[in-house]
Amino acid sequence: MSLEWKVALVTGASRGIGRAIALQLAQDGATVACAATKAENAQGTVEAILSGGGKAHAFGVNVGDLSSVDQLVKDVASSVGEPSIVVNNAGITRDGLLMRMSDEDWNAVIQTNLSSIFYLARALTRPMMKARWGRVINVSSVIGIHGGAGQANYAAAKSGIIGFSKSLAKELGPRNITCNVVAPGFIETDMTADLTEDMRAFCVDKCPLGRLGAPEDIAGVVSFLTSDSASFITGQVIEVDGGLFL
Ligand code: NAP
């Protein structure tokens, strides 16, 4: 229970990777603010945490919209307390080849996956600076490191997260706030549900560990990064992909 008395905000906590992270941080003792596009979408995660004896609350937000994020930050602070841990996990894909990529698909992916992190980090690190303790964990992707055909928007956003996080690590380190990036490979969630059988077989075949990842594989790394054992780790990008890109 290393996180007892700490409040953690996890975005995209209704399902997939975010849900697993929320469950794990609650198990570590944190009170978890579980955010999704609608509070009711995150309610299942909250109930799972409460039934396990943990503490959690559900919130609705559009992470790509500044006023919605500002409202979330106020709501969390007034009903749960100031978060000292934030896991920026919410994300979307709008894949398409460059020649056919619409402005809308570009903007939606950049706003939801990248601008969201700027909005949330700017608002949430102020109280962390005062408290001289904080953990910012941003969920990128192996695509942000290695690129992906048909994913120029997603790769740009996920790569942007890395530069942003390294800069925050330098800026906030003197206040004892660490900022790290977790870059998942292919993980079994709704986001990868429509991978073709051929693509799935290719990933499994190419992966030294011979499987797609589970959301819990990411949650374990996030949990470690919030712990005291990781207090001297900042500005790092941890690829959690079963060795897929070795
Ligand atoms: P997922 O199953 O599709 O879940 C996405 C989550 O983000 C949901 O909780 C969704 O909320 C939330 N969300 C989406 N748009 C939002 C918005 N505008 N405002 C607030 N919340 C929003 O995704 P996942 O596979 O767990 O992925 C989680 C993160 O890992 C993403 O950043 C993704 O890019 C990254 N990632 C995933 C993989 C993978 O293989 N799955 C690989 C690399 C990186 P609702 O339920 O309310 O819609």
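Counting convention: from 1, in listed order, for ligands and their atoms alike. Just the heavy atoms: all of them, side chains too, but no hydrogens, waters or symmetry mates, feed the values below.
- Below 3.5 Å of separation, one finds an N or O of V61 facing an N or O of ligand 1.
- In this structure, T112 is part of the shell of residues with a heavy atom less than 4.0 angstrom from ligand 1.
- Partner of F186 under the side chain to side chain contact (heavy atoms under 4.5 Å, CB included) criterion, chosen from D241, L195, V204: L195.
- Given atom 37 (C) of ligand 1, the protein heavy atom at minimum distance is I17 CD1, 3.7 Å.
- Closest to atom 43 (C) of ligand 1, if we only count protein heavy atoms, is P184 O, 3.3 Å.
- Heavy atoms from other residues, nucleotides or ligands lying under 6.0 Å from CZ of F245 number more than 12.
- In this structure, F59 and A33 approach most closely via the heavy-atom pair CE1-CB, 3.6 Å.
- Set against the non-hydrogen atoms of D190, the atoms of ligand 1 under 4.0 Å away are 2 (O).
- Put simply, the side chain of V61 reaches to within 4.5 Å of the side chain of S68, judged on heavy atoms.
- Of the protein's non-hydrogen atoms, the one nearest atom 19 (N) of ligand 1 is V63 N, 3.0 Å.
- At a heavy-atom cutoff of 4.0 Å, ligand 1 is contacted by the side chain of K158 but not by its backbone.
- In summary, the atoms of ligand 1 found under 4.0 Å from a heavy atom of Y154, numbered by their order in the structure, are 33 (C), 34 (O), 35 (C), 36 (N), 43 (C), 44 (C).
- Checking L212, L244, L246 one by one against C207, the side chain to side chain contact (heavy atoms under 4.5 Å, CB included) holds for a single residue, L244.
- For the atom pair OG1 of T226 and CD1 of I137, the computed distance is 5.5 Å after rounding to the nearest 0.5 Å.
- When hydrogens are left out, the protein atom nearest atom 5 (C) of ligand 1 is G91 O, 3.8 Å; that is the closest non-hydrogen contact.
- Under 4.0 Å from ligand 1, the heavy atoms of S140 that appear belong solely to its backbone.
- Assignment of S68 to the shell around ligand 1 is not supported, since no heavy atom sits closer than 4.0 Å.
- The hydrophobic clustering, which links ILVMFWY residues whose side-chain heavy atoms are closer than 4.5 Å, places M128 and V181 together.
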Practice item. I would like to know whether K158 and N113 meet side-chain contact (heavy atoms from CB on, under 4.5 Å); could you show each step before the answer? Key: CA-CA 7 Å; K158 293 301 191 183; N113 295 21; 3.7 Å; yes
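- Some N or O of N41 is nearer than 3.5 Å to an N or O of ligand 1, by distance alone.
- Between A13, S14, A36, it is S14 that holds the heavy atom closest to atom 46 (O) of ligand 1.
- Residue contact annotation: R19 has no non-hydrogen atom under 4.0 Å from ligand 1.
- No single ILVMFWY cluster, assembled from side-chain heavy atoms under 4.5 Å apart, contains both I17 and I161.
- Rounded to the nearest 0.5 angstrom, T234 OG1 and K170 NZ are separated by 11.0 Å.
- Counting the atoms of ligand 1 from 1 in the order shown, those under 4.0 Å from a heavy atom of G12 are 6 (C), 7 (O), 8 (C), 9 (O), 12 (C).
- Closest of all the heavy-atom pairs between H57 and V46 is C-CG2, 3.5 Å.
- Looking at N62, D65, N89, it is N89 that brings a heavy atom closest to atom 32 (O) of ligand 1.
- Less than 4.0 angstrom separates some heavy atom of V139 from each of these atoms of ligand 1: 29 (C), 30 (O), 35 (C).
- Between T11, T192, T37, it is T37 that holds the heavy atom closest to atom 16 (C) of ligand 1.
- Summary of contacts: the protein heavy atom closest to atom 40 (O) of ligand 1 is I187 N, 2.8 Å.
- When each atom of ligand 1 is checked for a heavy atom of T189 under 4.0 Å away, the hits are 2 (O), 24 (P), 25 (O), 26 (O), 41 (N).
- Which of G185, S141, P215 comes nearest to atom 38 (C) of ligand 1 through a heavy atom is settled by distance: it is G185.
- With ligand atoms numbered from 1 in the order given, ligand 1 contributes 14 (C), 15 (N) to contacts under 4.0 Å with heavy atoms of I92.
- Within 6.0 Å of CZ on R126 lie no more than 12 heavy atoms contributed by other residues, nucleotides or ligands.
- The N/O atoms of F186, backbone and side chain alike, include none that comes under 3.5 Å of an N/O atom in ligand 1.
- The side chain to side chain contact (heavy atoms under 4.5 Å, CB included) with L225 is formed by just one residue from the set I85, T178, I233; it is I233.
- Cluster membership check: L120 shares its hydrophobic cluster with L114, using side-chain heavy-atom separations under 4.5 Å among Ile, Leu, Val, Met, Phe, Trp and Tyr.
- Taking any N or O of V142, backbone or side chain, none lies under 3.5 Å from an N or O belonging to ligand 1.
- Counting only distance, with no hydrogens or angles, the side chain of S223 and the backbone of A219 share no donor-acceptor pair below 3.5 Å.
- At under 3.5 Å, not a single nitrogen or oxygen of G64, backbone or side chain, sits near a nitrogen or oxygen of ligand 1.
- Regarding atom 10 (C) of ligand 1, its nearest protein heavy-atom neighbour is R15 NH2, 3.7 Å.
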